[in-house]
Trainee: 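Below is a structure I'd like to ask you about.
Protein chains get the first letters and strands the later ones, always in sequence-line order, with residue 1 at the start of each.
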Amino acid sequence: MKEFAYVRAGSVEEATSAFASHPGSRYLGGGTNLVDLMKLGVETPATLIDVTRLPLDTIDELPDGALRVGATVRNSDLAAHPLVRDRYPALSQALLAGASGQLRNAATTGGNLLQRTRCPYFQDLSKPCNKREPGSGCGARDGVHRDHAVLGHSAHCIATNPSDMAVALAALDGRVELDGPEGARSVEAVDFHRLPGDRPEQDTEIRPGELITGVVLPAATAGLPSAYRKARDRASYSFALASVAVVLRLEGGVVGHAGLAFGALAHRPWRARRAEEALLGAAPTRAAFEHAVELELSEAQPLRDNAYKVPLARNLAVDVLTRLTDTALTGRAS
Amino acid sequence: MGNHQHHSRTTLRVNGKPHTLTVDHRRVLLDLLREDLGLTGAKKGCDHGQCGACTVLVDGRRVNSCLLFAVALDGCDVTTVEGLSGDGEEPHPLQTAFLERDAFQCGYCTPGQICSAVGVLAEAAAGHPSHVTDTAAPSGEPVELDRAEIKERLSGNLCRCGAYPRIAEAVEDVIP
Amino acid sequence: MTGSVGAPAERREGREKVGGTARYAAEFHDPGRAQAWPVSARVARGRVTGVDTADALAVPGVLAVLSHENAPRLAEPDDPTLAVLQNPRVPHRGWFVALVVAETLEAARAGAAAVRVTYDAEAHDVVLTASHPGVYVPEEASGGQPAVREQGDPDGAFGSSAARVDVAYRVPPLHNHPMEPHTSTARWEDGRLLVHTSSQGTGAVRVVLAKLFDLPEERIVVTAEHVGGGFGSKGTPRPDVVLAAMAARETGRPVTVALPRRCLPAVAGHRAPTLHRLRLGADEDGRLTALVHEVTTHTSRIKEYVEHAAVPARVMYAAPHRRTVHRVAALDVPSPSWMRAPGQAPGMYALESAMDELAGELGMDPIELRVRNEPDVEPDSGKPFSSRHLIDCLREGSRRFGWDGRDPRPGTRRDGPLLLGTGVAAATYPVMVSPSTAAARALRDGTFLVRTNATDIGTGARTVLAQVGADALGVPLERVRIEVGSTELPSAPLAGDSSGTASWGWAVHDACDRLARRLAEHTGPLPEEGLDARADTKGVADAESDFARHAFGAHFAEVAVDTVTGEVRVGRLLGVYAAGRILNARTARSQFVGGMTMGLGMALTEGSTMDAAFGDFTESDLASYHVPVHADIAEIEAHWLDEEDSRLNPMGSKGIGEIGIVGTPAAIGNAVHHATGVRLRELPLTPDRVLSGLLDRRA
């Protein structure tokens with residue numbers, strides 16, 4: 001790790017202007033991924049701008065019934081917040097399915113969205129990786145890629161996004177709020193992360209110098225039945241092999257709203273729009289769920305060693321859809 | 001505060017005592033404790049937040065000290081395994097429970113397990129749910145720590161000797 | 001002996017461990033201590049053509065950069081993995097090619113990142129297959145075991161057997177990953193070398209350092225006060241201790257080399273992958289007629305280590321026609337080495353899985369199948385067993401586990417999306433013992449001091465040896481103090497092969513027994529310096545025995561397999577052991593349970609993947625190499641029989657550190673088959689494999 005300068009920002013304006021005046025800056029949130037990558041030499045900032053003490057550490061209800069989560073709210077506090085647990089259970093469950101208690105106590109909302117892939121080739125400076133070093137090649141495509149993408153990958157990159165939280169945000173129609181040199185703006189959570197294409201070095205749509213200031217959970221999905229489920233190699237403290245977040249509203253015996261997003265299948269949380277369309281207006285039967293999910297996954301392009309992800313994702317989605325339906329119909333969790 | 005230097009004066013309160021040091025910005029809390037303060041209770045098992053051996057409490061919350069730059073903790077309160085018993089001679093009840101249950105073998109993960117368990121007890125009392133908490137449980141209420149809760153919540157602390165069952169028992173022993 | 005031995009005495013070093021004051025090898029803050037960081041080779045085979053240290057030396061705080069160009073020349077070690085920085089040859093990726101020494105950890109790491117090494121890379125060959133053209137039959141397998149044993153006509157007998165199983169199993173490379181990475185702190189003082197190291201045996205470390213640095217052993221002190229686990233990987237000295245001693249000599253400073261976790265997979269050994277072919281032939285009554293266990297494994301280019309996985313088949317079952325074979329290919333891979341129950345753990349996974357398959361073929365209860373094949377003598381040697389009691393373990397386990405009345409049909413028990421099953425497997429581990437010395441002293445204050453260079457790697461050696469000493473002396477445990485973990489103490493073998501307690505305990509027993517007799521003859525007050533006795537078990541402990549001496553055990557597992565995800569959860573693990581006399585009920589239980597936990601990891605979560613293109617293990621950290629976590633472990637029970645065996649050692653004990661892992665993977669695998677009807681023959685049983693198996697079965 002190279003030496004670096006350190007700036008503690010007291011306000012968003014201070015942070016973004018410090019970023020502008022210090023070439024090679026990075027914002028420091030909980031550090032759970034950035035410090036890790038700095039130790040590996042993957043990240044080499046000249047200056048760290050500490051944003052953990054910005055006044056962005058609250059969760060507030062907005063007048064329209066939406067919930068605004070500050071960027072520095074820690075993952076554990078977000079997961080435990082009564083309004084989040086009651087109105088957006090998939091988000092709370094996704095957070096709690098990730099990492100460990102210690103990491104969730106440090107990791108921030110903004111930082112969680114900006115964590116990098118855990119692809120072993122990305123983390124190893126001695127190997128080629130187009131994401132880390134554009135043009136160097138991809139070690140994973142013909143290498144060890146059991147954990148890699150089956151959807152939306154490119155010749156340049158087959159990495160997956162490791163976040164659990166981002167999958168729930170995508171399904172819940174969350175928005176990401178940003179502030180930066182060109183002012184404040186927001187983007188749909190589902191559009192925040194990118195597919196790799198020929199620019200795998202670019203994980204998200206964030207612009208240079210922009211800072212995540214918060215995440216907004218909309219009123220529209222507040223209180224809807226939702227859930228998150230993840231499959232993994234050990235019972236806790238490991239990244240997803242596949243995961244799914246589902247938001248489901250039944251109306252008059254048919255699906256009135258479905259939000260479905262997969263994790264660990266692609267370079268970004270994979271919002272399953274085709275499946276959602278197929279579900280809208282359909283009776284909530286297992287057959288309908290299977291049909292819709294298989295429609296979505298029909299475009300999967302598994303690699304040599306990760307074809308299992310397709311049936312795994314299908315099973316997870318059908319299972320969560322079925323359980324949410326049972327809950328909606330019986331009024332209690334099954 | 002802002003400069004192009006690579007060191008900063010930083011004050012931490014560790015186990016109740018203030019320490020002001022000029023720290024290399026690259027120095028993580030774990031190395032500050034072990035190298036600068038001689039508090040070697042917190043262990044380095046992986047240096048990347050993947051094993052939990054370095055767990056300490058910062059402002060009362062359990063964290064991986066290997067992933068926290070010390071300079072960013074200016075003004076924070078740190079409690080390590082050495083400080084759990086406070087000023088008293090008596091060990092913390094969790095330390096006693098670990099001894100009585102033989103909840104360790106090589107001992108290398110033990111300080112992290114104990115600090116983590118202190119954090120677990122506080123988090124459950126504060127109503128923090130876990131992955132295994134019943135999703136129908138009332139929000140904001142303290143969570144009762146059954147065996148499954150303890151195991152899930154301590155899963156960020158690896159133990160290669162396999163003392164897990166005994167550790168869970170030791171934590172159960174101190175649940176009020 | 002009555003009194004202390006067998007009692008659940010509390011760990012002597014427990015207070016230091018729970019209080020955070022127990023000191024490990026990196027925690028000796030000698031004034032001026034420097035830190036070092038290794039640089040790993042980036043090619044799998046080739047030569048270093050240049051080491052550009054200019055940038056590294058320019059990093060503030062960097063004191064020195066050592067490489068083969070400037071490092072002190074060492075004598076050639078017996079273990080080629082310790083010839084670090086001696087020549088430009090790169091035998092595998094991750095081999096150390098330089099070491100940066102600096103004032104601080106941060107400077108050392110930054111310096112290591114700034115070293116520019118160039119290579120002349122050569123084509124490499126790292127992928128093991130059973131048909132690899134380089135496979136050969138070695139002269140012997142690890143532990144001095146014959147590579148091949150054959151009796152009768154196994155092929156003919158197999159061919160004419162009424163019931164046959166011919167199956168292949170794969171166990172992946174596995175990594176020990178003790179929680180404390182391999183670490184050494186070294187300093188030179190007046191021509192003496194003083195080392196704190198994380199090792200399972202400091203005596204061997206001193207022997208190696210003496211040879212490498214051409215020093216008399218008397219001028220070297222090696223201590224290992226507390227060791228954060230080893231599981232075999234610290235059974236031999238590792239490059240950290242050589243590098244620390246070298247760097248300390250070059251810089252004139254105390255130097256700590258604490259290996260980064262990511263270096264361990266390449267330089268601290270691994271359990272070599274094993275490809276098994278098992279052929280079991282039996283008559284209609286389930287009596288084995290033929291047993292053929294053939295194992296193919298890999299070793300490195302620089303060191304032949306042959307995982308002796310076919311050896312347990314020479315011990316377990318009465319089959320008149322038998323063949324056990326080890327084959328190995330030397331590849332451009334890191335050197336494999338000992339990992340908990342080397343040989344036995346992968347070998348018994350394959351053998352005990354195949355026995356389960358044979359029971360299925362015969363429609364016979366798997367316990368009954370084992371009962372019918374219980375040998376009268378050790379099949380391979382023809383020696384009688386000093387004690388065996390495997391059937392008693394199976395019966396006792398069956399009773400405790402509730403095996404009777406088990407529905408043998410696979411894939412028929414459902415709980416919602418879960419498929420439920422139970423499995424059983426036998427376990428064995430040989431009784432090993434080495435000569436040791438010990439000293440005991442009676443002091444005027446009525447206390448006793450027992451000294452031996454045992455190493456307590458978490459086994460509770462201090463505690464157990466004090467118990468043995470107290471009983472031999474006939475005094476209460478609290479009057480016996482014990483010193484271990486330093487070459488300044490009477491010499492003793494390493495903590496490995498489940499042999500430590502037997503070896504050290506024998507010497508402690510004899511020394512204390514001798515002291516007790518001296519005291520009985522002594523009249524009047526003790527002299528100022530106390531009264532001494534010493535013991536050396538050479539020629540006694542290592543005497544050839546007329547008996548086959550092994551511990552045995554039975555493992556039972558209950559699993560739930562999620563048909564949605566393929567995730568396997570173990571609800572219950574139960575082990576029953578016949579392991580001689582249990583010397584400390586508390587620490588012994590921790591040993592058994594710990595072994596079973598590692599066995600669960602071997603069954604379900606652990607495995608390393610050799611990257612064919614790059615020649616390293618992809619799982620290089622603890623996020624990707626999945627050691628089981630708390631949440632993976634449900635109920636684990638360990639029980640033992642009161643086994644008396646007078647043909648072992650004065651304590652009547654067998655080793656207990658390794659047998660817990662041995663039968664666990666097969667028990668879990670057999671339970672997964674019972675749950676699902678799917679027989680998966682490659683570990684670990686991760687969701688991808690299990691789900692794919694479930695889908696194949698449905699299709």
Trainee: Chain B heavy atoms under 4.5 Å from C/Pro260: which part of the residue, side chain, backbone, both or neither?
Mentor: neither
Trainee: Test your reading of the model: is there a side-chain donor-acceptor pair from C/Gln35 to the backbone of C/Leu105, 3.5 Å cut-off?
Mentor: no
Trainee: When only pairs under 4.5 Å are counted, which of C/Thr459, C/Asp621, C/Leu264 shares the most heavy-atom pairs with chain B?
Mentor: C/Asp621
Trainee: Could you state the interatomic distance from CD (C/Glu180) to SG (B/Cys109), rounded to the nearest 0.5 Å?
Mentor: 12.0 Å
Trainee: Would you mind checking which part of C/His226 comes under 4.5 Å of any heavy atom in chain B, side chain (CB onward), backbone (N, CA, C, O), both or neither?
Mentor: neither
Trainee: Among B/Asp24, B/Leu39, B/Asp31, which residue forms the greatest number of heavy-atom pairs with chain C at distances under 4.5 Å?
Mentor: B/Asp31
Trainee: Quick check on C/Val227 against chain B: is it the side chain, the backbone, both or neither that has a heavy atom closer than 4.5 Å?
Mentor: backbone
Trainee: Quick one: do C/Arg253 and C/Asp30 make a salt bridge, cutoff under 4.0 Å?
Mentor: no
Trainee: Based on non-hydrogen pairs under 4.5 Å, which of C/Glu10, C/Arg261, C/Met179 is most in contact with chain B?
Mentor: C/Met179
Trainee: For C/Ala22, is it the side chain, the backbone, both, or neither that has a heavy atom closer than 4.5 Å to a heavy atom of chain B?
Mentor: backbone
Trainee: In Å, rounded to the nearest 0.5 Å, how long is the span from OG1 of C/Thr104 to CZ of C/Arg33?
Mentor: 11.5 Å
Trainee: Look at B/Arg27, B/Lys44, B/Glu152, B/Glu82 and state which one has the largest set of heavy-atom pairs under 4.5 Å with chain C.
Mentor: B/Arg27
Trainee: Can a side-chain donor-acceptor contact be found between C/Glu658 and C/Ser498 if the only test is distance below 3.5 angstrom?
Mentor: yes
Trainee: C/Gly228, C/Ala110, C/Ala623: which one forms the most heavy-atom pairs within less than 4.5 Å of chain B?
Mentor: C/Ala623
Trainee: Identify which of B/Gln95, B/Arg153, B/His92 forms the greatest number of heavy-atom pairs closer than 4.5 Å to chain C.
Mentor: B/Gln95
Trainee: Heavy-atom distance under 4.5 Å to chain B: side chain of C/Ala634, backbone, both or neither?
Mentor: backbone
Trainee: Under 3.5 Å, is there a donor on one side chain and an acceptor on the other for C/Asp240 and C/Ser184?
Mentor: yes
Trainee: Tell me, for C/Asn176 versus chain B, whether the close heavy atoms (under 4.5 Å) come from the side chain, the backbone, both or neither.
Mentor: backbone
Trainee: How long is the span from the OG1 atom in B/Thr110 to the CG atom in B/Leu99, to the nearest 0.5 Å?
Mentor: 10.0 Å
Trainee: Out of curiosity, C/His29 NE2 to C/Arg23 CZ, how far, rounded to the nearest 0.5 Å?
Mentor: 8.0 Å
Trainee: Heavy-atom pairs under 4.5 Å with chain B: which of C/Gly14, C/Ser590, C/Gly229 has the most?
Mentor: C/Ser590
Trainee: Give, as side chain, backbone, both or neither, the part of C/Tyr625 having an atom under 4.5 angstrom from any heavy atom of chain B.
Mentor: side chain
Trainee: Can you tell me which residue among B/Leu12, B/Thr11, B/Thr20 is in a side chain to side chain contact (heavy atoms under 4.5 Å, CB included) with B/Asp74?
Mentor: B/Thr11
Trainee: Hey, what's the ring geometry for C/His175 with C/His270, parallel, tilted or perpendicular (30° and 60° as the breaks)?
Mentor: tilted
Trainee: Does any heavy atom of chain B fall under 4.5 Å from the side chain of C/Arg15, the backbone, both, or neither of them?
Mentor: both
Trainee: In terms of heavy-atom proximity below 4.5 Å to chain C, should B/Asp102 be classed as side chain, backbone, both, or neither?
Mentor: both
Trainee: Under 4.5 Å from any heavy atom of chain B, what part of C/Glu606 do you find: side chain, backbone, both or neither?
Mentor: side chain
Trainee: What part of C/Arg589 gets within 4.5 angstrom of chain B, counting heavy atoms only: side chain, backbone, both, or neither?
Mentor: both
Trainee: Looking at C/Glu27 and B/Lys43, is any side-chain nitrogen of the basic one under 4.0 Å from a carboxylate oxygen of the acidic one?
Mentor: yes
Trainee: Is B/Arg26 in contact with chain C via its backbone, its side chain, both, or neither, using a 4.5 Å heavy-atom distance?
Mentor: both
Trainee: What part of C/Ile457 is in contact with chain B, defined as an atom under 4.5 angstrom from a non-hydrogen atom: side chain, backbone, both or neither?
Mentor: backbone
Trainee: Checking C/Glu106 against chain B: side chain, backbone, both or neither under 4.5 Å from a heavy atom?
Mentor: both
Trainee: In terms of heavy-atom proximity below 4.5 Å to chain B, should C/Thr587 be classed as side chain, backbone, both, or neither?
Mentor: both
Trainee: How are the rings of B/His25 and B/His7 set to each other: parallel, tilted or perpendicular (split at 30° and 60°)?
Mentor: tilted
Trainee: Applying side chain to side chain contact (heavy atoms under 4.5 Å, CB included) between B/Thr10 and each of B/Leu21, B/Thr22, B/Val23, report the one that passes.
Mentor: B/Val23
Trainee: To the closest 0.5 Å, what do you measure between CD1 (B/Ile150) and CG (B/Leu121)?
Mentor: 8.0 Å
Trainee: Which bit of B/Leu154 comes within less than 4.5 Å of chain C, counting heavy atoms only: side chain, backbone, both or neither?
Mentor: both
